[in-house]
Structures are given as C-alpha cells and as structure tokens.
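Okay, so here's the structure we're looking at.
Atoms within a ligand are numbered from 1 in the order they appear, just like the ligands themselves.
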Amino acid sequence: MSYLSEIKSSDQEWSELNSQVMVIGLFEDQELTPLGHDVDQSLDGVISKAINQGALTGKSGQSQSFFEAERQVLVMGLGKKGDFDAEAIRKAGGSIAKAALASKVSSVAVECLCACSDKSDCQALAEGLVLGSYRFTEHKAEDEDAVELKEALVLNGDEPSLRKGAVVAKGVCLARDLGNHPGNVATPTRLAEEAKRIGEVGDMEVKALDRDEIVGLGMGALAAVAQGSDEPPKFITMEYKGGSAEQKPIALVGKGLTFDSGGISIKPAGKMDEMKFDMCGSAIVLGVMQAVASLKPSLNLIGVIPSTENLLGPKACKPGDVLTAYNGKTIEVMNTDAEGRLILADALSYVTQNHDLAYAIDFATLTGAVIVALGHHTTGIMGTDEDLIAKVKASSKRTGEKVWELPLWDEYCEEVKSKVADVKNVGNGRTSGTIAGGAFLKEFVENETPWVHFDIAGTAWGEKEKPYGPANGATGNVIRLVIDLIGA
Ligand code: BES
Ligand code: MN
Ligand code: ZN
C-alpha cells in the first residue's frame, strides 16, 4: 500500500540536483548513457575503471553504487542496446525503484534512459519506477522497511509521457491493493465504495445494486451464487461519458468474486486462501476506470462488476439447480465452483442487452485450466470478433502484457449445451476447461456485440518476480494493455 507517486521532469544540471541517488545507465556493450561520462569524470573515472576491469557488466538489472560526497551514484545495467525497447526501459525503471528502496532513500534522479530512442518511452520508464516501488504493508502493525520512495526526477524527460505512465501505474497499484486485501476487507461493499470514489473524481455515474435489486432485475445466476453468503452482494456499474453522444461505448466487465470457497462443490483446503484473489478481474476494471478518471480521454466507457462471495450453507445453490439468467437463458449448475461464469452471465447479458456497444471485454480468474495451459506468464483470450482480437494482440505487443488466443470453435460450444436447461456451467469435464468457460460466456453476449474474454487466472497473481512486478501477491496485469486498447 505504498508506492512512488511523484515523477517529474527536471532540466537542471545533474550536479545541482539534491536527490539522494543519481542513476545513470550502462549497456552490455560497455557503453554508458550520455550523462554517464560527465558523472564518471566527476568521480575521477572510477566508473570507467570498473567497466574496464569487468566489475560492471551492464547486464539488465545488475547495478553498482558509487559514492560522491553526500550522494550515491547508481549505475544500472540496461542489457543489450539493440534490445532496449519499451519493455526493457520499464524493467530498468522497476530495477531502479527496487534498488532505491533497498538503499532506503526517498528521492532519486534518473537520467532519461529513453533519450536515445522514443520520447514516448518515458511512459514506460515512469510505469517501471512506480510499479517497482510498490509494496503492500497495510495489514502489518509495524513496517520494517518504513522508508518510502517519495520522489523521482527524470532529467530532461517528456513531462506528459511521464505523467501518463505514473497515472497508468497508479491504476495498476490500486488493482494490486484490492487483490492483496483479504476477503474480509475487499468485500463487494468495499469494491462499490472504491467505484464511487473513482466516479466522483472522474465525473462518472456509479450505481451499486443490492441483493433485492439484483433479484428484482432477474439476475438469477448472480443471485444464486450470492444466496450462500450473508455478505451483501453488489452489482456495480460505472458510466464514463467523455466522448460524443454518437460514440458507441466500450464495456469492461470484471469478475468480482471476493472469496471463492467453491460453494457446495467445495475446494480442497490447500491454497484456498488464494481465492481472495478471485476478484482480480474487477480490480482491472477499477484500475482502468481510475486511470480514465485522471486521463479524461474522449471516449465512452461502461464498467460492470458483479460482486459476491461464493460460500456454502443452508441457503447455498446446489449442483443440479437450474437458474435463469438476465437474458432469459436457463443454466443447469453442474458444479457450484464454476461460479465466475454464472455471475458474468448476468453482467454480460445486462450490458450487451441494454447498450449498443462498440465492444465488450471481460476479465476473470475463471479457470485453473488456463494455468495448466499457459502458466503464469500469459493471459488466455478468446472471442467472437477477429478484428477486436487482432487489436488486443497489437496492444499486448505494445505494452508487453502477454496474451494467447484459444479457439472458440463450434465443437467446443456444443460442450456447454445441457439436457435439462439451455446450457450447463461446465464443459466435458477434464478437457479444454478454459475454452468451456469462454463457450459458456458467449451464450450471454447479446446483440452480436464484438466480445473478447480474458482468462487471467494465471496472470493475476503468482507470477515470477519481475523488475517492475511484486515478489508475491496481485500483479494488476492487463491494465496497461486495456488502457492502450481503448485509446485512453
Ligand atoms: N476462481 C476459480 C478459478 C481458479 C482456480 C483461479 C485456481 C486460479 C486458481 C474458478 O471459480 C473455479 O473454481 N473454476 C473451476 C471450474 C471448474 C469447476 C469447471 C476450476 O477451474 O477448477
Ligand atoms: Mn470457483
Ligand atoms: Zn472463482
């Protein structure tokens, strides 16, 4: 719950700055970044000596500190110059923030590492600096690493790009916070409060329907999942109207399952605590909406979050129950642990039935199967519209957030047909479980709305530590991709 929040550009001479750490870069071919030579000279050539002796390699993320009067000079390895793209810059930003945190300083000045390429890479540098500084300590009485990184100056950086990078990264930090909070803190009510807070800042219309309203509107699938818990469920909508009245809105739908026990089809106890992360899809929506609230892009956007716990008790929904979703389709519940698709069925049919959308995308920690298929590095995607899928892939390339498309062919869609209802909430059992989830959701996308589903079960938490990623806990992955996709 702490991260760097101030990133500014400075055109002062580096020697006049009073930041505690001055950061320069070194490429793997022994080339220092432009300012590096000045700094080296003022340190009587000690940096170049270290390079010549092989003590400094320039390997990505490897750093070495030198001391000059009151100041620390940090030489950060940037990897091969030919590979120094936006993702490498983001990683360098993350490594710088982590090194600064380790040295317990509160201010750093960074040579604009992107000066050699594209000014807009400043956005990636700012993202890396903020994301790398993220820590979640809110539930500790005493914070052992109490020093916070408060300010980063980028020498001759591009101010608008730095600002945008910081805004995007703060959206990611919000998503990380919400994901990391336990189920008794990040409740549906808390998610609704966050949505309202963002709505006030960004001039959005935010509504949070309660249990009676959910039942009254005919959202029988969300209501069924929620009936096993006393925690009040919420159906949250956020409308941002930054574009013209003719511009069709984009819908972002996020699974806000604040704790998934599996329900009557209960999960094994091991790692069940991780099911507090089952609302990470909704955290993506909130993170994007928070960034939109400050970027104020000229587009129309609707955020939708169905939110509840999935518990078990005398009132809980049972295997075999038949439910009616918002669009009137009936669902046979074969497994109460396939609850994410149930609450999304109502959310997708609600937003695609009531709005003429440019497209809808949803984010959900939907299946364990996607982790088997793609591990923790890549988000599984599938959808109904080739153009939209191509755009998602292009945004993925630009932002370094990996996605991989799975096929949503008719053969798979047949697998969710039920003998007693219109559809059932599982596919064939052991095979192609992630696609079965997508095939089920497809039944609830109305009006031929172009739609893409993101199965983030592998990428929302549990990935290997990256320079700009957390060592453990929620990642906030895919927010950068979505902000790029919607053109905010
Ligand atoms: N939230 C889980 C998916 C999940 C499991 C995410 C493990 C991350 C790690 C989801 O609600 C779920 O339980 N899915 C079931 C579906 C099955 C019953 C068809 C699954 O993946 O086992
Ligand atoms: Mn489940
Ligand atoms: Zn779940």
Side-chain angles (χ1 to χ4, degrees), residues 179-180 183 186 188 191 221-222 224-226 228-229 231 233 253-284 305-312 316-321 331-347 362-380 406 412 415-418 423-441 443 453-463 472-475 477-478:
N180 288 331
L191 297 182
L222 171 59
V225 177
S229 168
E231 188 65 45
V253 181
K255 172 177 172 182
L257 213 294
T258 57
F259 184 74
D260 182 12
S261 71
I264 299 292
S265 318
I266 193 168
K267 286 183 183 295
K271 289 197 178 184
M272 203 205 266
D273 59 295
E274 292 191 357
M275 284 300 119
K276 69 172 184 175
F277 293 118
D278 213 15
M279 37 53 69
C280 283
S282 69
I284 291 174
I305 297 172
S307 184
T308 176
E309 293 183 333
N310 183 26
L311 295 190
L312 53 165
C317 165
K318 304 171 291 297
D321 284 2
I331 305 167
E332 184 187 12
V333 178
M334 301 300 286
N335 188 319
T336 65
D337 198 11
E339 84 300 332
R341 63 198 73 184
L342 295 177
I343 70 172
L344 287 170
D346 282 330
D362 77 74
F363 317 100
T365 46
L366 209 70
T367 65
V370 80
I371 312 176
V372 177
L374 301 174
H376 292 286
H377 309 294
T378 306
T379 295
L406 299 172
Y412 298 105
E415 295 179 1
V416 295
K417 296 270 146 69
S418 158
V423 285
K424 57 184 167 77
N425 74 337
V426 299
N428 260 355
R430 299 209 159 264
T431 64
S432 49
T434 301
I435 304 177
F440 178 90
L441 294 179
E443 297 283 333
H453 160 59
F454 289 67
D455 194 331
I456 58 163
T459 50
W461 78 95
E463 73 174 9
N472 47 50
T475 59
N477 275 343
V478 169

* Could you pull out the N/O/S protein atoms under 2.8 Å of the Zn ion (ligand 3), ignoring any water? => Lys255 NZ, Asp260 OD2, Asp278 OD2, Glu339 OE2
* Structure fact -> Ranked by distance from atom 18 (C) of ligand 1, the top protein heavy atom is Asn335 ND2, 3.4 Å
* What protein N/O/S atoms lie closer than 2.8 Å to the Mn ion (ligand 2)? -> Asp260 OD2, Asp337 O, Asp337 OD1, Glu339 OE1
* Structure fact -> re atom 15 (C) of ligand 1, the protein heavy-atom contact at minimum distance is Asp337 O, 4.0 Å
* If you measure every N/O of Arg341 against every N/O of ligand 1, is any gap under 3.5 Å? -> no
* Atom pair NZ/NZ of Lys424 and Lys417 - distance to nearest 0.5 Å -> 11.0 Å
* Aromatic rings Phe363 and Phe454: how do their planes relate, parallel, tilted or perpendicular, breaks at 30° and 60°? -> tilted
* Asked: Heavy-atom contact under 4.0 Å between Met279 and ligand 1?
  -> no
* **Any N/O pair Ala338/ligand 1 closer than 3.5 Å** => no
* Asked: If we only count N/O pairs under 3.5 Å, is Gly368 in contact with ligand 1?
  -> yes
* Purely on distance, is any nitrogen or oxygen of Thr365 under 3.5 Å from one on ligand 1? -> yes
* May I ask you to test the Met279-Ser307 pair for a side-chain heavy-atom distance under 4.5 Å? => no
* Asked: Are the charged groups of Lys255 and Asp362 less than 4.0 angstrom apart, N to O?
  -> no
* Structure fact -> Any heavy atom of Lys271 under 4.0 Å from ligand 1? The part involved is neither
* Asked: Using heavy atoms and a threshold below 4.0 Å, how should the contact between Glu274 and ligand 1 be classified: side chain, backbone, both, or neither?
  -> neither
* To the nearest 0.1 Å, how far is atom 6 (C) of ligand 1 from its closest protein heavy atom, and which atom is that? -> Ala457 CB, 3.6 Å
* Does any N/O atom on Lys267 come nearer than 3.5 Å to any N/O atom on ligand 1? -> yes
* Asked: Out of curiosity, Asn310 CG to Asp337 CG, how far, rounded to the nearest 0.5 Å?
  -> 6.5 Å
* Heavy atom under 4.0 Å from ligand 1: found in Trp461's side chain, backbone, both, or neither? -> side chain
